There are 2 protein chains.
Amino acid sequence: MQGYDKHAYDKHAYEPFAVTVDLAVFTIRDGALHVLLVERGQEPYAGRWALPGGFVLPDESAESAAQRELAEETGLADVTGLHLEQVRTYSEPDRDPRMRVVSVAFAALVADPPEARGGGDAARAAWLPYGPGAHRPLAFDHDRILADAHHRIGAKLEYTSLATAFCAPEFTLGELRGVYEAVWGAELDPANFRRKVVGTPGLVEAIPGAARLTGGRGKPAALFRAGTATALHPPLLRPASEGRSA
Amino acid sequence: MQGYDKHAYDKHAYEPFAVTVDLAVFTIRDGALHVLLVERGQEPYAGRWALPGGFVLPDESAESAAQRELAEETGLADVTGLHLEQVRTYSEPDRDPRMRVVSVAFAALVADPPEARGGGDAARAAWLPYGPGAHRPLAFDHDRILADAHHRIGAKLEYTSLATAFCAPEFTLGELRGVYEAVWGAELDPANFRRKVVGTPGLVEAIPGAARLTGGRGKPAALFRAGTATALHPPLLRPASEGRSA
DNA sequence: GCAAAAGTGTTAATAGTACACCCATGT
DNA sequence: ACATGGGTGTACTATTAACACTTTTGC
């Protein structure tokens, strides 16, 4: 606390910091993980894709700012209830060439978002497939932010019920499994997945009516709703791959 | 990015934010988890305990500021190599009654710290036992920050090799087990713990020499060093208690 | 019929739990 | 001797992983 007291909060004792939020908004499309990106119209990084975001206003928290931006950028009317979670804060002094910007990064999960429209500005917005694909490199340090957000989401799938946040209110277990597979980039055994999910109390609850849904070909699947549990015990671990230190 | 471009980075378009770091520094003492706290000498919250922290300077990142504060507050000469990790950022507009302060919280783990000395100021500093004990309530929103930091540490013990960061370079498995027990507040079976730890590749490595250490009474214990692995597969789950949703 | 996805069954391997028991040391 | 913590053994249970097989749909 020395720092606090020594300078007695002179508002201009230090160079002011701008505080912004950056959003990594994920969704599943056609079985693949997609992320919402905007195209920058101005320097620096003109023409590059970037994460949506904006300033934190004087009377709101970073969480409020993130929620406001999420509504604006996705075009969703009601954004409450969506999963929105802080990832971490990026504060390297030179991360923005123009001035000192400290950015609080959030990860958001959306099911079935509307098509991306550019913001009011000239900037384009689009849902692009996540991965080492066409959109890199992103502006600023957004590649790193996006990777951190993805890493966090992947980890939380293991030990929380987060996956249901990617799904519509009613979903099949095949769809839920698709979430895990899209985020982890790994295939799961459908039989074992079903047993694990159904056998974890509070993860999902079956919709009792003969309600069934045809997902195209194959046998109709039973519908489920998200359950009340948030933590999974034991966790649903992703298949071990060479990449993970034992 | 609309927000960025619209205002063209006028440094004074918005009320300036102060950016600070707050540190939850943990250690194990006499088998119990302790936290480093400082006593506030001034209003607001004069006389209350608070987390150590301070301003982020114009040319440093939050990580650098946290490292600098950690060295100052603990009195440790070399703070590199210590575990220091961002927890989250607290930005509610009214969290500090004097002005708008956005604080990036860190959790730090220290083995065998020197006695706490007050900072240069009148403020006292002390290692206090963690828990719903004598030090609450803390100043500002520090109770919540501390709880969040503790929750994060506890969770990371399950699936990372973090526990070794609480230990000296050479440690016995009893000491390592003590870390888990102190952070989780639960007892672990020594036999099963040993098998799990030794059987997880890369978690710890035995120091081959007949090196042994007497921890007082009982059979001398073999010494171990931290291994190279950072992730644990499968994780070392804490014993299930009623509090956790199945 | 055939492909595809849902859903059930079965089995072997792996991992976790709960102990009993011996070992080496200080007092 | 005995209390204390280190360390090994072992039987039991729970969970995971792999894969065969049946069911119900669209084409």
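Chain A is the first sequence line, chain B the second, and so forth, proteins listed ahead of strands; every chain is numbered from 1. Note that this is a predicted model, so its numbers are computed, not measured.
Phosphate contact (OP1/OP2 of D:dT8, side-chain N/O of B:Arg194, threshold under 4.0 Å): present. The side chain of A:Arg217 contributes no N or O atom lying less than 4.0 Å from OP1 or OP2 of D:dC27.
Against DNA chain C, the stretch residues 174-182 of chain A makes heavy-atom approaches under 4.0 Å through A:Gly174, A:Arg177.
With hydrogens and angles disregarded, a donor-acceptor distance shorter than 3.5 Å links the side chain of A:Thr27 to the backbone of A:Val110. Between the side chain of A:Asp30 and the backbone N or O of A:Ala32, no donor-acceptor pair lies under 3.5 Å. No donor-acceptor distance shorter than 3.5 angstrom exists from the side chain of B:Arg29 to the backbone of B:Trp127, with no hydrogens or angles considered. A:Glu69 places no side-chain N or O within 3.5 Å of a backbone atom of A:Ala66 that could act as its donor or acceptor partner.
Using a 4.0 Å cut-off between charged side-chain N and carboxylate O, A:Lys196 and A:Glu158 make no salt bridge.
What separates NZ of B:Lys196 from P of D:dG9 is a distance of 20 Å, to the nearest Å. Remark: P of C:dC19 and CG of B:Leu188 are 15 Å apart, rounded to the nearest angstrom. With rounding to whole Å, A:His233 atom NE2 is found 17 Å from C:dA15 atom C1'. In this structure, A:Leu223 places its CG atom 15 Å from C1' of C:dA5, rounding to the nearest Å. As rounded to whole Å, 14 Å separates atom P of C:dA15 from atom CG of B:Leu203. In this structure, B:Leu236 atom CG and D:dT15 atom P are separated by 17 Å, rounded to whole Å. Whole-Å rounding puts the A:Lys219 NZ to D:dT24 P distance at 6 Å. One atom, CZ of B:Phe193, and another, P of C:dA15, lie 17 Å apart when rounded to the nearest Å.
Considering only side-chain atoms of A:Pro220, the nucleotide from C:dT25, D:dG7, D:dT24 that sits closest is D:dT24.
Residues A:Tyr90 and A:Phe140 place their aromatic rings such that the two centres sit no closer than 6.0 Å.
With contacts defined as side-chain heavy-atom distances shorter than 4.5 Å, the pair A:Val35/A:His150 does not qualify.
Ring geometry for A:Trp184 versus A:Tyr180: interplanar angle over 60°, hence perpendicular rather than tilted (30 to 60°). Using cut-offs of 30° and 60° on the angle between ring planes, the pair B:His135 and B:Tyr130 is tilted.
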Could you write out each protein N or O paired with an N or O of nucleotides 18-21 of chain D at a distance under 3.5 Å?
residue : atom : partner  : partner atom : Å
D:dA18  : N7   : A:Asn192 : ND2          : 2.9
D:dA18  : N6   : A:Asn192 : OD1          : 3.2
D:dA18  : N6   : A:Arg195 : NH2          : 3.3

